[in-house]
There are 4 protein chains.
Amino acid sequence: MSKESTRREREKLRQRQEIMAVALNLFSEKGYHSVSMHEIAAKAEFAIGTLYKFFSNKEELYKALLLEQSDRFDAALFKAIESPGDEIMKLRRYVQTKGEVFQNNAATIRLYFAETRGASFNLLAGLDQVIRNRIERFLHQLAEIFESGIRAGRFHPIAEPYILAVALDNLCSTFLFLWLENPEKHVYPENPDTILNILFKALVNP
Amino acid sequence: MSKESTRREREKLRQRQEIMAVALNLFSEKGYHSVSMHEIAAKAEFAIGTLYKFFSNKEELYKALLLEQSDRFDAALFKAIESPGDEIMKLRRYVQTKGEVFQNNAATIRLYFAETRGASFNLLAGLDQVIRNRIERFLHQLAEIFESGIRAGRFHPIAEPYILAVALDNLCSTFLFLWLENPEKHVYPENPDTILNILFKALVNP
Amino acid sequence: MSKESTRREREKLRQRQEIMAVALNLFSEKGYHSVSMHEIAAKAEFAIGTLYKFFSNKEELYKALLLEQSDRFDAALFKAIESPGDEIMKLRRYVQTKGEVFQNNAATIRLYFAETRGASFNLLAGLDQVIRNRIERFLHQLAEIFESGIRAGRFHPIAEPYILAVALDNLCSTFLFLWLENPEKHVYPENPDTILNILFKALVNP
Amino acid sequence: MSKESTRREREKLRQRQEIMAVALNLFSEKGYHSVSMHEIAAKAEFAIGTLYKFFSNKEELYKALLLEQSDRFDAALFKAIESPGDEIMKLRRYVQTKGEVFQNNAATIRLYFAETRGASFNLLAGLDQVIRNRIERFLHQLAEIFESGIRAGRFHPIAEPYILAVALDNLCSTFLFLWLENPEKHVYPENPDTILNILFKALVNP
DNA sequence: TATGAATGAGCTTTCATTCAT
DNA sequence: AATGAATGAAAGCTCATTCAT
């Protein structure tokens, strides 16, 4: 009986993920408003009513999608900066992991930026508050690495740690967007130092 | 007689701008798809038919909005980097001007990023080709400043000029988005050097 | 003063006819519903308000058009069958006149059949009652010719005179429609007897 | 299970026919442009969306209507002229069948001629090409009967067979229209010979 | 429990008509 | 008297959502 219900639950979860996978592809390809619930149902080979058993409305499906993906990314990035090593190693791993995550989940990234669909404009706004908090928490964690490096005399205190965290994250995103937009022309550097050097090395001659 | 027709034209222009102002606010608040032409008409206190006298359809109204605003921004930014002075002065003026433009046109900026409305993900995609070309042209102009600085031995050649241009531009945008989203918490630095230093000064101790 | 007002009235009539001429062309080209009052106004180089000075609405303009044209056709056909001569000469003149009228007024004929636009289906229905009465009156006049011919022993009484009138009129229309539809292939016979013979000569061998 | 799906399909077909019946009545009463999809939906007691499940747009519904009816008429008329017998018997049966079809399907006939909805004038133009071909094919078949009669020496060769076919067909239509418009006053002759005599017997005394 | 037929609010757009100038 | 800017009812159509089976 417990086994039975477990099997059922597993089956349900599998169906839920099947729907989300189809929705992810469609939303990232065409944008939120250009995908209909019927289209998702048809491609996932479920009845439209079944979709509404799993997600109470279109918005919920969309949010669940974002949440699930953000979860995976967050875990991977947290893991990268929490692993042992000095500040430079941690940043290096962060740059590398962010690149891998982006490149292995192009559809999801597109989803993030495909359509903010609401009162929002900024890369964060329009996302679920849960996701925004998650990103904020991560940036502070990243800032702590800079702070620790500065305290250790390893980094110059050229800006506030949080500013530096935002700057590094943004620098990575910039390279990744260039790559996403035109993979032939722009390559996300395999060596993380290429990006870190923009922060680490002096641009202006002394 | 000429006076008469001038008054009419002025009146027409005023109405057109009134519609655009209302549309700008609504689109930037709620996104393209969540604003109806009736809503715009009602808020602008015109009959729905009158909107269609000025803009042949919703898409045209939206594009006209983007184009007009992009025009103003482009002019301001070009002026900033074309004014006399060495490379550092030009970049400084650019950072400052971009900040002013953003902060004085928050609604417009929201519009730019409110909704890409398509299968796109990148911040440029989904925009009118005219605007994309304009942005691209500007980035190349910005890249030339870096290139000139490198040739003059004033900058270290730590990355390709175009990459540096994109990086600086995105760095500014990122801080401005943080400010836009939460003006109390995040302040766009009044001193441009705060941003430029991230690129200009060594982060890692030698 | 009387001269003055006469000149004005003439001018007004000229304008009215100018509008009707433009409307006739547009309606016959595109059909009633596919022509807008604005289109007519623009092509006639009048303000839209001016059209409404002459015709209280679109329907009225259309009806006026039909009425005026029907007037001209009716006059021509009546004249044809009222002119002196025996029954055969009258019918001959009728066939010839109907041909000339059709061929010289293709646009108008198209107008008649372009769109019945109402609860109607038949070639008469949907037309103004005035026009229907006019046509009915004409057919009776035509029937009288057949009756007179039969009474004079000049025609076989193979059917009621009214039936014969309808048949002859329809025979002419048939030839003319064939011609209208494909002027190269089907020619309306220059010699009226070609049509009359279908009625006048035996088809079945005795 | 199969029974189940059959019942569903029958139900669907019934609904489709219900919509078409309502549409037929409305279109034939008021003409294509003067009937709205909402009106059809309301009268058929369906939601507007349901109409669009059956017919992808208004035009399709209209065409489906014409096609279905034309199909039935075509079959009946072909059957009439293909049944055994000499040319006169075939023509007689044709005249009779056409009369029956018209009189039993007044609404449909009205539909055919209710509105050509275009720049067309001719009774055929504006119809679907499929229907026009069907009519054309039928007229040629009818022409062959005349030709065969002429070759057999049974008919005088007073005109080209195709012309005679068109003439007979239009003659029937004309009388049927008179009847349709005013059933009390004009009677479509019960005896087909009344019409055929106009073609078959000499009108003018020798 | 899963289905998908049915719903109808709400969208964009057109155009006959009005009326202040 | 002539104008044409302004109006808004109403059209065709879509699609998120519901609920009887």
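Keep in mind it's a predicted model, so treat the numbers as computed, not measured. Just so it is clear, the values below take in all heavy atoms, side chains as well, and ignore hydrogens, waters and symmetry mates. Quick note on labels: first sequence line is chain A, next is B, and so on, each numbered from 1.
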What integer distance in Å separates [X]:[atom1] from [N]:[atom2]?
X       : N      : atom1 : atom2 : value
C:Asn57 : E:dC15 : CG    : P     : 17 Å
B:His33 : E:dC11 : NE2   : P     : 12 Å
B:Lys12 : F:dG4  : NZ    : P     : 11 Å
B:Phe54 : F:dG4  : CZ    : C1'   : 13 Å
B:Glu9  : F:dA5  : CD    : P     : 11 Å
A:Tyr32 : F:dT14 : OH    : P     : 19 Å
B:Met37 : E:dT13 : CE    : P     : 6 Å
C:Phe55 : E:dT17 : CZ    : P     : 14 Å

In residues 13-22 of chain C, which residues come under 4.0 Å of DNA chain F by heavy atom?
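Heavy-atom cutoff 4.0 Å gives no residues at all.
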
Going by number, which of residues 39-52 of chain B have a non-hydrogen atom under 4.0 Å from DNA chain F?
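Correct list: B:Phe46, B:Ala47, B:Ile48, B:Gly49, B:Thr50.
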
A:Glu11: salt bridge (Lys or Arg N to Asp or Glu O under 4.0 Å) partners, not counting sequence neighbours:
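Result, salt bridge (Lys or Arg N to Asp or Glu O under 4.0 Å) vs A:Glu11: A:Arg14.
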
Got a sec, which residues hit side-chain contact (heavy atoms from CB on, under 4.5 Å) with [X], two or more places apart in sequence or on another chain?
X        : value
D:Ala21  : none
A:Asn57  : A:Glu59, A:Glu60
D:Ala106 : D:Arg110, D:Leu180

Nearest 0.5 Å, please: how far is CD1 in D:Ile40 from OH in D:Tyr62?
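It is 11.5 Å, given to the nearest 0.5 Å.
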
Given A:Phe46 and A:Val22, is the side-chain contact (heavy atoms from CB on, under 4.5 Å) satisfied, shown in steps?
CA-CA 11 Å; A:Phe46 285 104; A:Val22 166; over 6 Å; no

Give a yes/no on whether any side-chain N or O of B:Lys53 is located under 4.0 angstrom from OP1 or OP2 of F:dA5.
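Result: no.
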
Starting from the 5' end of DNA chain F, give me the residue, A:Lys58 or D:Val35, whose nearest nucleotide shows up first.
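So the residue in question is D:Val35.
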
Checking D:Phe54 against D:Leu61 for the side-chain contact (heavy atoms from CB on, under 4.5 Å) test, could you report, in this order, the C-alpha distance in whole Å, the side-chain angles of both residues, the deciding distance, and whether it holds?
CA-CA 8 Å; D:Phe54 288 98; D:Leu61 168 54; over 6 Å; no

Partners of C:Asn25 by side-chain hydrogen bond (donor to acceptor under 3.5 Å, both in side chains), sequence neighbours excluded?
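For C:Asn25, no residue satisfies side-chain hydrogen bond (donor to acceptor under 3.5 Å, both in side chains) once neighbours in sequence are set aside.
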
Set of side-chain hydrogen bond (donor to acceptor under 3.5 Å, both in side chains) partners for B:Arg16, sequence neighbours left out
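side-chain hydrogen bond (donor to acceptor under 3.5 Å, both in side chains) list for B:Arg16, sorted by chain: empty.
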
Name the residue closer to the 5' end of DNA chain E, choosing between C:His38 and B:Ser56 according to the nucleotide with the nearest heavy atom.
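Closer to the 5' end of DNA chain E: B:Ser56.
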
Quick one: the dot-bracket string of DNA chain E, using Watson-Crick and G-U wobble pairs with both distances under 3.5 Å, [ ] for crossing pairs and | for bases paired to another strand.
.||||||||||||||||||||

Cation-pi between D:Lys58 and D:Tyr32: NZ/CZ under 6.0 Å from ring centre and within 45° of the ring axis?
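That pair qualifies as a cation-pi contact.
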
Any side-chain hydrogen bond (donor to acceptor under 3.5 Å, both in side chains) pairs touching residues 35-53 of chain D, not counting sequence neighbours?
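Counting only pairs at least two positions apart or across chains, the side-chain hydrogen bond (donor to acceptor under 3.5 Å, both in side chains) contacts touching residues 35-53 of chain D are D:Lys30-D:Glu39.
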
